Amino acid sequence: MEIKFVKADTLKAKPEPSTLGFGKIFSDYMFMMDWNKETGWHDARIVPFANLSIHPASTVLHYGSEIFEGLKAYRRADGKVQLFRPIENIRRMNNSAERLCLPQIPEDMALEIYTKFVETEKDWTPDQEGTSLYLRPFMFGNDESLGVHAVHNATFIIIASPVGSYYKEGINPVKIMIEDEDVRAVRGGTGYAKCGGNYAASNRAGERAEQKGYSQVLWLDGVERKYIEEVGAMNVMFKINGEIVTPKLTGSILPGITRKSCIEVLKKEGYNVSERLLSLEELTSAMADGTLEEAWGCGTAAVVSPIGELCYKDHKYTVNGGKIGPVTQHLYDTLTGIQWGKIEDSFGWTVPID
Ligand SMILES: *Cc1c(COP(=O)(O)O)cnc(C)c1O
């Protein structure tokens with residue numbers, strides 16, 4: 001495909017790697033292309049990073065037609081840059097698009113876009129321990145009218161942000177509050193789609209948990225508030241009496257690529273891994289009788305995030321003495337080892353850019 005390149009007049013100075021946070025600094029360029037019902041995708045271009053000009057009646061501003069992805073480009077020990085399972089992000093975005101009546105991007109076209117864009121911006125991939133270039137592909141409905149219907153116009157953009165290490169002060173287990181009022185998603189809704197609206201609906205519970213000194217909430221299912229679903233914006237896994245348990249994908253859970261990778265690593269190594277329903281009752285009794293051995297969240301940003309304390313209705317339970325457990329640590333070491341090119345990628349998950 002043809003991607004037009006519009007050169008920036010000046011390039012920004014690269015930030016000092018130790019000052020990087022998450023998603024505050026952006027690279028010199030962004031990828032953009034537009035879609036309409038008549039011509040499909042057109043005007044693929046890499047242009048200087050800049051504000052967008054958008055019609056005040058644009059669909060996304062009123063009806064929330066927006067989906068996104070999150071993945072990282074990693075600087076390997078040998079200096080090369082690579083992506084981790086980008087095809088999974090591409091497929092998931094198409095599934096999200098299908099749910100929100102946004103257009104599909106053919107897989108080979110999307111992969112070409114991702115790689116060409118990262119090639120353009122690869123100098124922005126920092127090389128300090130734990131850092132990476134975070135890529136945020138997103139798509140939104142962009143009709144210039146207030147009528148409610150599947151859109152006739154859409155825009156797809158990728159922006160890139162160098163991000164710092166998630167674990168600057170070491171991997172510290174987090175405190176999680178079990179949320180039994182708000183729900184994140186319901187079956188038949190948009191839980192499995194990575195869409196902005198899911199986040200808008202989660203913020204209130206997140207804020208309340210933070211006020212009480214917890215870093216995230218553990219979500220329960222939206223129908224019975226009986227089964228465990230996710231933790232904050234991450235998937236969740238437990239080790240209960242030797243069994244690794246993660247909630248099965250029932251439609252209201254986001255199918256995380258880190259979740260999938262953890263399952264594949266553990267299964268290959270012979271662990272007993274189950275994707276099944278896990279009730280709050282089963283979890284609280286495992287906490288009470290000490291058979292809950294480990295708990296962790298998993299997602300692209302943190303890779304894994306150990307859970308050191310769970311709180312349900314003012315009952316506090318400590319997990320693994322508030323320390324990271326051996327399986328959680330092993331997953332962290334294995335996945336980050338593959339991502340940063342420190343250990344061999346026997347799964348064929350990495351896609352080198354240069
Ligand atoms: C993105 C996301 C995840 C994690 O997915 P990864 O592909 O592992 O980054 C989990 N839950 C929610 C709600 C998400 O948006």
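These numbers were taken from a predicted model, which means no experiment stands behind them. When a ligand or atom number is given, it counts from 1 through the structure's own listing order.
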Residue part near ligand 1, for M234, under 4.0 Å between non-hydrogen atoms = backbone

ask   = Which part of L254 is near ligand 1, with near meaning a heavy atom under 4.0 Å away: side chain, backbone, both or neither?
value = side chain

What do you reckon, does [X] have a nitrogen or oxygen under 3.5 Å from a nitrogen or oxygen of ligand 1?
X    : result
R259 : no
N235 : no
G70  : no

inquiry  = Under 4.0 Å, counting heavy atoms only: does K260 come that close to any atom of ligand 1?
reply    =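 No; K260 lies far enough from ligand 1 that no heavy-atom distance drops under 4.0 Å.
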
Ligand 1 contacted by R184 (non-hydrogen, < 4.0 Å) =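 Right, R184 reaches ligand 1.
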
So which heavy atom in the protein is nearest [atom], and how far is it from that ligand atom?
atom                   : answer
atom 8 (O) of ligand 1 : T258 OG1, 2.6 Å
atom 9 (O) of ligand 1 : T300 OG1, 2.6 Å
atom 2 (C) of ligand 1 : K194 NZ, 2.6 Å

Counting only heavy atoms not in [X] (residues, nucleotides, ligands), do more than 12 fall under 6.0 Å from its [atom1]?
X    : atom1 : answer
K14  : NZ    : yes
K116 : NZ    : yes
K24  : NZ    : no

Ring pair (Phe, Tyr, Trp, His ring centres under 6.0 Å) assessment of F138 paired with F156 = CA-CA 6 Å; F138 61 108; F156 172 74; 7.9 Å; no

query = In terms of atom number and element, which parts of ligand 1 are under 4.0 angstrom from non-hydrogen atoms of R92?
reply =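 In order of number, 5 (O), 6 (P), 7 (O).
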
note = Quick note on ligand 1: atoms under 4.0 Å from a heavy atom of Y199 include exactly 14 (C), 15 (O)

message = Students often mix this up, so state it plainly: with edges at 30° and 60°, are the rings of H315 and Y317 parallel, tilted or perpendicular?
response =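 If you compare the ring of H315 with that of Y317, the planes turn out tilted.
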
inquiry  = Which label fits W41 and W35: parallel for a plane angle under 30°, tilted from 30 to 60°, or perpendicular past 60°?
reply    = tilted

Option of least heavy-atom distance to atom 10 (C) of ligand 1 (set: G256, G299, A233) = A233

query = Heavy-atom distance to atom 12 (C) of ligand 1: which of R85, E229, K72, E230 wins?
reply =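 It is E230 that holds the nearest heavy atom.
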
inquiry  = Under the criterion ring pair (Phe, Tyr, Trp, His ring centres under 6.0 Å), I'd like the reasoning laid out for F5 against Y29: C-alpha separation, chi angles, the key distance, then a yes or no.
reply    = CA-CA 10 Å; F5 180 69; Y29 292 97; 5.0 Å; yes

inquiry  = Using a 3.5 Å distance criterion without hydrogens, assess whether the side chain of E294 forms a donor-acceptor pair with backbone atoms of V327.
reply    =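 Yes, because the side chain of E294 sits within donor-acceptor range (under 3.5 Å) of the backbone of V327.
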
query = Side chains of E243 and Y271: donor-acceptor distance under 3.5 Å anywhere?
reply = no

